[in-house]
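For reference, the structure is listed below as structure tokens.
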There are 2 protein chains.
Amino acid sequence: MTKKNKNLSPEDVCGHKDGAAIRELLTRIGDKWSILLIVALSKMPKQRGRFSEIDRTIPGITQRMLTLTLRNLERDGMVTREVFPEVPPRVEYQLTNLGQSLLGPMQGFVDWVGSRWSDVRKAREKFDKR
Amino acid sequence: MTKKNKNLSPEDVCGHKDGAAIRELLTRIGDKWSILLIVALSKMPKQRGRFSEIDRTIPGITQRMLTLTLRNLERDGMVTREVFPEVPPRVEYQLTNLGQSLLGPMQGFVDWVGSRWSDVRKAREKFDKR
DNA sequence: CCGGATCCTGGTCGATACTG
DNA sequence: CAGTATCGACCAGGATCCGG
């Protein structure tokens, strides 16, 4: 017997109740800078660094986008923000446990890319050859 | 001794040579519909279905976006497209091995969301309360 | 040093209408 | 049925300037 497809809303990704959350997460870390910030922070001593430091670590990012992306990550509990009342101002960001815990799952993708990306590139070349 | 940071280009995500590829992949599956299509196809018999079938499975998607997303996935070697010269036209799409192989790594994210998403939500509420 | 305020541009996506 | 064509809204993100 063929099982009838239950109506799944676009939020039910994977038929999973957290589908919407999954899509949100992918959208977030799929944006232009988030993943770079997370990785950059993860490589700093104590997974911690100040604004200008992160800025220098990530070539091409503008101050605006750095601020914005950090805010989003802070809002999501991935990083903390600590302001030191000095002159000149100093602000330090640090990866939270939550943020660090994302590095694990990410490794799955990294491995996949390592083993399969060449296939994707070949597929593209073949496809574009038309 | 403190190890001096090598200049890493924005393409060197994770200090990994495939960094650009990783970002590309995340951007692709982080877009609005790709992940839904992959999952939808993976649940069909033989990971295969026709255009209208997929369309009905994914509420809210427009014909335009369905076509576009399928094209992208086809170009990346994630799905195949087979046209049957009949009237009315029939076109079937099928997940490739490559496409299926992505489901594994994805599971890591799914699990992460399952165990950690509530933390994200709590962080957001706390943050927004200002 | 950090980051807010503005302005602007290109790209993504939805709506709609039309074809082989 | 399975698309293509066209238009327009919206928004991510870049450039730039200013301010505590």
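Side chains included, hydrogens not; waters and symmetry mates left out as well; all remaining heavy atoms used. Quantities reported herein were computed from a predicted structural model and do not represent experimental measurements. Every chain is numbered from 1, with letters handed out A, B, ... down the list of sequences.
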Looking at the side chain of [X], which of [options] is the nearest nucleotide?
| X | options | result |
| --- | --- | --- |
| A:R50 | D:dC1, C:dC13, C:dC1 | C:dC1 |
| B:M65 | C:dC13, C:dC2, D:dG13 | C:dC13 |
| A:T62 | C:dG14, D:dA15, C:dG20 | D:dA15 |
| A:K32 | C:dG3, D:dG14, D:dT4 | D:dG14 |
| B:W33 | C:dC1, C:dG14, C:dG20 | C:dG14 |
| A:P89 | C:dC13, D:dG3, C:dC1 | C:dC1 |
| B:D31 | D:dT4, C:dG3, C:dC13 | C:dC13 |

Expressed in angstrom and rounded to an integer, what is the separation of [X] atom [atom1] from [N] atom [atom2]?
| X | N | atom1 | atom2 | value |
| --- | --- | --- | --- | --- |
| B:I61 | D:dA2 | CD1 | C1' | 14 Å |
| B:E86 | D:dG3 | CD | P | 13 Å |
| B:Q63 | C:dG14 | CD | P | 13 Å |
| B:E74 | D:dG3 | CD | P | 10 Å |
| B:R28 | C:dC13 | CZ | C1' | 15 Å |
| B:L66 | C:dC13 | CG | C1' | 14 Å |
| B:R71 | C:dC13 | CZ | C1' | 17 Å |
| A:E92 | C:dC1 | CD | P | 14 Å |

| query | Taking for each residue the nucleotide of DNA chain D with the nearest heavy atom, is it A:G30 or B:F51 whose nucleotide lies nearer the 5' end? | reply |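 Its nearest nucleotide being more 5', the pick is B:F51.
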
| Basic-acidic side-chain contact under 4.0 Å: B:R50, B:E92 | no

Determine: side-chain N/O of [X] to OP1/OP2 of [N], distance under 4.0 Å, yes or no.
| X | N | answer |
| --- | --- | --- |
| A:R90 | C:dC2 | no |
| B:S52 | D:dA2 | yes |
| A:R81 | C:dC2 | no |

Side chains of [X] and [Y]: closer than 4.5 Å at any heavy-atom pair?
| X | Y | answer |
| --- | --- | --- |
| B:S34 | B:L73 | yes |
| B:R81 | B:R71 | yes |
| B:E82 | B:R48 | yes |

| Side chains of B:N72 and B:T69: donor-acceptor distance under 3.5 Å anywhere? |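 B:N72 vs B:T69: no donor-acceptor pair found between side chains.
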
| Pairwise 5' ranking along DNA chain C for A:P88 and B:L68, keeping only the more 5' one | A:P88

| said: Which residue in the set A:L66, A:T62, A:T67 passes side-chain contact (heavy atoms from CB on, under 4.5 Å) when paired with A:D55? | reply: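 Only one option passes, and that is A:L66.
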
| query | Less than 3.5 Å between a donor and an acceptor, one on the side chain of A:R64 and one on the base of D:dG13, is that the case here? | reply |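 Check passes, donor-acceptor contact within cut-off.
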
| said: Heavy atoms only, 4.0 Å cut-off, all strands: where does A:Y93 land among base, sugar-phosphate and nothing? | reply: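 The answer is sugar-phosphate, as A:Y93 gets under 4.0 Å only of primed atoms, P, OP1 or OP2.
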
